[in-house]
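To keep things clear, I will list the structure first and then write my remarks on it.
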Number of protein chains: 6
Amino acid sequence: MKNSYDTGRLNLPFVGIATFAKKPYVADWATLDADVAVLGAPFDFGTQYRPGARFGPRAVREASTLFSFGHAGAYDHEDDTTYLGEDVRIVDMGDADIVHTDTETSHANIETGVRAALDAGALPVVIGGDHSVNIPCINAYDGSRHGALHVLQIDAHLDFVDERHGVRNGHGNCMRRAADQPFVTGITQVGIRNVSSTTREGYEDARKMGTDILSVRQQRALGAVETIARIPAGAKLYITIDIDAFCPSIAPGTGTPSHGGFLYYEVLEMLQEAAHRHEIIGIDLVEVAPDYDPTGSTAVLSAQLLLNLLGFVFHHRSND
Amino acid sequence: MKNSYDTGRLNLPFVGIATFAKKPYVADWATLDADVAVLGAPFDFGTQYRPGARFGPRAVREASTLFSFGHAGAYDHEDDTTYLGEDVRIVDMGDADIVHTDTETSHANIETGVRAALDAGALPVVIGGDHSVNIPCINAYDGSRHGALHVLQIDAHLDFVDERHGVRNGHGNCMRRAADQPFVTGITQVGIRNVSSTTREGYEDARKMGTDILSVRQQRALGAVETIARIPAGAKLYITIDIDAFCPSIAPGTGTPSHGGFLYYEVLEMLQEAAHRHEIIGIDLVEVAPDYDPTGSTAVLSAQLLLNLLGFVFHHRSND
Amino acid sequence: MKNSYDTGRLNLPFVGIATFAKKPYVADWATLDADVAVLGAPFDFGTQYRPGARFGPRAVREASTLFSFGHAGAYDHEDDTTYLGEDVRIVDMGDADIVHTDTETSHANIETGVRAALDAGALPVVIGGDHSVNIPCINAYDGSRHGALHVLQIDAHLDFVDERHGVRNGHGNCMRRAADQPFVTGITQVGIRNVSSTTREGYEDARKMGTDILSVRQQRALGAVETIARIPAGAKLYITIDIDAFCPSIAPGTGTPSHGGFLYYEVLEMLQEAAHRHEIIGIDLVEVAPDYDPTGSTAVLSAQLLLNLLGFVFHHRSND
Amino acid sequence: MKNSYDTGRLNLPFVGIATFAKKPYVADWATLDADVAVLGAPFDFGTQYRPGARFGPRAVREASTLFSFGHAGAYDHEDDTTYLGEDVRIVDMGDADIVHTDTETSHANIETGVRAALDAGALPVVIGGDHSVNIPCINAYDGSRHGALHVLQIDAHLDFVDERHGVRNGHGNCMRRAADQPFVTGITQVGIRNVSSTTREGYEDARKMGTDILSVRQQRALGAVETIARIPAGAKLYITIDIDAFCPSIAPGTGTPSHGGFLYYEVLEMLQEAAHRHEIIGIDLVEVAPDYDPTGSTAVLSAQLLLNLLGFVFHHRSND
Amino acid sequence: MKNSYDTGRLNLPFVGIATFAKKPYVADWATLDADVAVLGAPFDFGTQYRPGARFGPRAVREASTLFSFGHAGAYDHEDDTTYLGEDVRIVDMGDADIVHTDTETSHANIETGVRAALDAGALPVVIGGDHSVNIPCINAYDGSRHGALHVLQIDAHLDFVDERHGVRNGHGNCMRRAADQPFVTGITQVGIRNVSSTTREGYEDARKMGTDILSVRQQRALGAVETIARIPAGAKLYITIDIDAFCPSIAPGTGTPSHGGFLYYEVLEMLQEAAHRHEIIGIDLVEVAPDYDPTGSTAVLSAQLLLNLLGFVFHHRSND
Amino acid sequence: MKNSYDTGRLNLPFVGIATFAKKPYVADWATLDADVAVLGAPFDFGTQYRPGARFGPRAVREASTLFSFGHAGAYDHEDDTTYLGEDVRIVDMGDADIVHTDTETSHANIETGVRAALDAGALPVVIGGDHSVNIPCINAYDGSRHGALHVLQIDAHLDFVDERHGVRNGHGNCMRRAADQPFVTGITQVGIRNVSSTTREGYEDARKMGTDILSVRQQRALGAVETIARIPAGAKLYITIDIDAFCPSIAPGTGTPSHGGFLYYEVLEMLQEAAHRHEIIGIDLVEVAPDYDPTGSTAVLSAQLLLNLLGFVFHHRSND
């Protein structure tokens, strides 16, 4: 396997069009043919405090170029493994069409994109947008080839509000909407902490519906392996990462930051373990708000996480 | 008339709760009793590019404290006039209740606030929010004591799209919605420039409906007096100021900036002339997006404009 | 107990006037009737490096709105407790009057505010301003109903300079001034680290006067329970939190940052234990400088800490 | 002619991959078939003060999306003209390959890109990068079908240093290098002002070589029409725009800002007149440094200028 | 005269210690021997809104390096003149010693510095700090060899408050304090505008004391030559430039910005005319607050102005 | 030993010219006579992503003033030691002369500066610039009095690329270039993590050449003492600190950030142990990019580290 910079361009990170990981852009979703299909979902009318997750997809794409210049796969010396070699075909679908003032249509367009990825047999990776974009993402699995799925949510907030002032599809409702779906067989909610937008009743509902809620300190006491071991064996996993699960020290660029969050390896090791133990059938990463990320730390974290997670997923697949 | 700092607190600008101009906050709108009632409308799901006008009201309030410390009115040496003495009673109504994901309810709540101000006999001053908040503001005049009104729009964009992808109440539709109202007898649109979100058809519709469209260079050639003279004599004026009417050099903190805009005195002098020639029955100032205003220039401009405009309005009234 | 959003406004965090936790503003301190009285002390002429703590009160108030929308108390799932229900009456006193160029008068005005809170039987919570505002805060307890008190200082710096170039009331002198007060029976100084503005002589004086000095690493080795156990049993506690006690990773927005500081749970757990073991009779949180806090992390941390600390204090009281 | 949003996506500015004006990306330059070919030249080792023009291409592309959503051409009401209809085919070539530490190779790669555009019969539009990228741009015209050309430079600095400490290809040398080329028949240098990196000798050389130097105040006295009239009739024009020609009020995001620069319409009108009077055979716009452009004003200005200039060029061509 | 870069270092702007214009630093003021002595006065307890002018001297020094690399004087093609050749000896005195919490001592230390410059026969150039530093600057001329002087103030604010809440030496009092000095024979106040911190009484006092007050619009109507002609012929001039005299578009980095200010050439041409008509015996430039100047525009403006003004002063002297 | 503020100036951090630690600037390197000689190396053409390390030296110098005001040494209460008393003579050499577009000459000028420090018998401390400046730093030890040396690299990246697209002296090549030197007897590489710019072949080369590679997690498992114990006893150490070795939470201001890095005490304790066990003969700290460091956290970290490391080095020497 040769590195592309041996024969062609040096292609430094700051050079070139900022698609995700500098992978090809496929505008016509009917022609999708890939292992991974990355979709931007720049919708943020569902957020309750600081705006701007609409620019999350562009920021994460830009940051992903730091990790994407001309490698014939990415070598990790701790694992002594080269991840994401040329056999893993990643494409960038661009963004779902968002319609200002209109939540329903915007969500529908996101669902359309995820269904296109699923129909093509690709692993959908959605970059938000606020956490409400998870609602159409999950909806897209209704009737998919995957059948039932379990949601692994990494987040500061429970997002289990049923309805408030008529709102059922905001960023605080997404896990409740997932729980409404018959094909969602369980939810593991990790990182939940601090006084929250979900009231006591929401927690009671979540427990009643059987979700597994762990705070950061509770997860820390368990460690990555034991945390992931709580997910039913054999479950197909949909992973939703709200970047505010992380400590604001590394993820300040988000709408509703909450101190006391995860550090990098804590989440990385959960993801590595999850990819090792389960089939990963969908991923979203949400709530990156670049206007509050002047150093780029949050976007770099998001790109670094997604690329490592994809590496783990396909390394595991190739080893099966 | 004594200055308040002679007897009480020095009350420097950086000291104290940031209501508009440090005026009293009236939470119970049923008890409103004032000449001017300032309402925040922190709604921004109607914007088509950069987000964040939801924080416009807080930013303009904060900036207004710079001009509001302990004066027994504000003396202007060029006019040799003291404006906004203690006889002008200004109150801050706080903000209209905004509901995430829900444009209709949010707009309705803004309309409720403006109607409360009108019912109390106060001059409504609404701080946006994106320009779509002008729609419920204008709607609130339906059936008001003022009867017919003429709109003076100061803006970079025509905002005359009728409908696009089902959207009729976004920030690019507001003047078209105003034109739909039978009690709106005319619109003067000043500052309109550059290739715009409104297509040729929108312009044709606007002209057909009788609006008067002037670019920055066209207004400059006319001057303030002649520009205002184009408004029908005797018309009651509703003034809507989109801060992107100004040059990005002084108003960068906005969602859809457009170069070639107005400088400070150009607008100030139009407003002074308008207040001199017409009864001003409503004001909104919209599209201040503080996340793109790191120096505070845009918020300071907005506060300075509003306070001067209010000074002109009440100076004129007291001279009648 | 009903949530206010069931009956009234949704009141999202970004909506409304930014008083502390959106609690009522009481301008006339003679009428104070509350359990907690929050006072801003926007004084920063006492700082020795980066300026701007004068905007600390406004920034912390703004950030506090994130945690303050329509809850009937705030539910914490780790403690399975709802904190700060409607029975805890919090008010915002606004700010002490600050006079530019004049340290003495400004400090006197802060003392007046704290005395007003104490006279009303409320728990004073002062938001700085630089750490010198602690001097008038402590002075206000001279002759109060509380009698003697112990100071728990959470800080990077010892602040134990007696006098230098004539300065006795700067932000590096505050703990020395506290130690001068006969009613201050002891000081516990936690987080002190790195080469500091206090010289060896200052440390020797502090030890001679009997203060208990712990670095971050020393506190870490002890843990929260043992650290708090070093405070004499039964002591009434005044807690002063210099935000630079924290690691710059989460509290960069401060005048004299120092690496190697506390992480979130380390301080939270000390505060929870302190509230459990001691009567808390006063609180200040100082040195938030928003101009160095572009992500808002420092202000959010401050608001989150204060609200949790107040929750602990009143939960403990209600359980007594 | 129909607007694309009538049939397809709404395609708001913040949605989608950020190519220039959201136009197709053509990675294989051998297949170029377009009227306009936009090339990024993210090279900035030639700058003498603030760095970061390497991110100029990405920033200008991002800003160009503001003006590029779904129009069937862009209607300008002042000119009553629809510019850049579907008949003008614009493509984005991506970026020239830049090699860190190596000026020579990087410049050669830029030249390769411009030659590819010229060979395809397209109008090359190069986005820098620092002004040294103009050197390979001009070199690419050596032997082109266009034959001789005249350079219109809009800039604060003369850039006429021959050699200093061995440097011949930095951003202060570019016009001298252009003057060295036999096919460059003249240079008009507009906007030159203030004490500069070019010494008196440089000015003397420039005059000796016959360039026409105008300061901002001198250009202002002449106006757009007379300024452009100084260019020899019939000359084919290469236009190089250093964004620091503009006033820092609207173009702060640049490496070596200089106060007293042009305002928007001054340059726009020169460009409109130049496109009216001359065939435009090449364009570069350089020195946009996004790290000094927190509001995006400079990038928006650059995108707005380029799109208007392209509109003028092709409107003129279609009218011939 | 040779350029230093012919023989020594290239000395690019970003290279080297940031003294003013990279001129020698003279720590021992007893040894001063120079034509110009630049003193920093990093005092900002006199400001009434945004803090941070204490970092003005460092920011202006840093910006001055842009204009200071290796020239054998600075050539201006509009004037066809080389300014500030090697015959003009400029030194940097460093900063006056500032004592936190103590206005009186800090001001005294500034006065000591200016007296040292005057005693050495140098032209003092003081970089603030807030405008209150002008008070000790003027005081230093009491008993100087210059005798009487006239003050040319370029400012947005009148700064003519006598006393308020005991404050006599804040940034709003400086021109009143100057007027108190018997050796100050007159004050010309240019740029004064908008509702201001000085009340009507202050204006009346100023007029009574004979100051000449011109707004921006009034100065614009006169032009530079007529404006300067209002200063008594033969008067020795002390020039005080409050950077907020300028439009916030180019000078946002200041504590109390005011829209409607001067553009660059308006002030430059007044300074050039003043240097031509009068002996300049002292200069201060104040109120640069870098925390509100993210693009560096304000600092660059300040450095550019000071260097040009010094060029005019010494060019005029050499021509006498 | 007296503190300088007892007799002279208070000299607060924000006061005065920003040399490193406010130590004397020695422009004439032939006259160097010091224990420590600090050299800026503002070169950044070797970086592959975000630019701006050229302003690293100025930023670190500015930050160092926070720790440098008038101490007679710096007292650390944890160690009960006063570091860097007056017996340790530190000087600031200013910066190496950098030539834009020319890597070779710029590197040569850095080597000249380090050789000057070595010839004067001083400990060279170089502040970058990007990591490529380490290449001339190491080269300067060729033929020095120190003979052989071991490199301790603290970094996120292996920097072991031999050659790519002709580049041999970029910031990803430095450790490979060090390994090429016969007088470099070994390299310990700590902090190396994540998918990197160095491919598997680079790692294999490094291991073949005998370097010791430890990731952050591997170092954490060992602790500071065991990590340093892996360095051969008696080796003279050259320490190169790439600030991206640290977690972006405290060091966001760098060109190629990588999550999962070191926290403060982890590196501090390695440095303290290294200074205890080995003779330190050279230090560089690189990759501080202030444009991505809006809070100053990275620059403060760098200054705090360097000053503590110097304290350890000279405390150890004085104890021998």
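Order of the sequence lines fixes the chain letters, A, B, ..., with proteins taken first and strands second; residue numbering starts at 1 for each chain. It should be emphasised that the depicted structure is a prediction, and the values quoted were computed from it without experimental measurement.
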For F/Asp44, which atoms come within 4.5 Å of any heavy atom of chain D: side chain, backbone, both, or neither?
both
Within residues 175-184 of chain D, which positions have a heavy-atom distance to chain F below 4.5 Å?
none
Identify which part of F/Thr47 has an atom lying under 4.5 Å from any heavy atom of chain D, answering side chain, backbone, both or neither.
both
Give, for atom CZ of F/Arg54 and atom CZ of D/Arg50, the distance between the pair rounded to the nearest 0.5 Å.
11.5 Å
For the ring pair D/Phe55 and F/Tyr49, is the centre-to-centre distance below 6.0 Å?
yes
Report, as yes or no, whether the 6.0 Å neighbourhood of atom CD on D/Glu204 holds more than 12 heavy atoms from other residues, nucleotides or ligands.
yes
Distance from D/Arg164 atom CZ to F/His100 atom NE2, nearest 0.5 Å?
7.5 Å
Please classify the contact of F/Arg168 with chain D as side chain, backbone, both or neither, using a heavy-atom distance under 4.5 Å.
neither
Residue, of F/Asp97, F/Asp291, F/Val99, that accumulates the most heavy atom pairs under 4.5 Å with chain D:
F/Asp291
Looking only at non-hydrogen atoms, find the nearest pair between F/Pro51 and D/Gly52 and report the distance.
CG-CA, 3.5 Å
Pairwise side-chain contact, D/Thr103 with F/Phe45, heavy-atom cut-off 4.5 Å (strictly under):
no
Select one option (side chain, backbone, both, neither) describing which atoms of F/Asn169 are under 4.5 Å from chain D's heavy atoms.
backbone
Under a 4.5 Å heavy-atom cutoff, which of F/Thr105, F/Val167, F/Asp130, F/Ile98 has the most pairs with chain D?
F/Val167
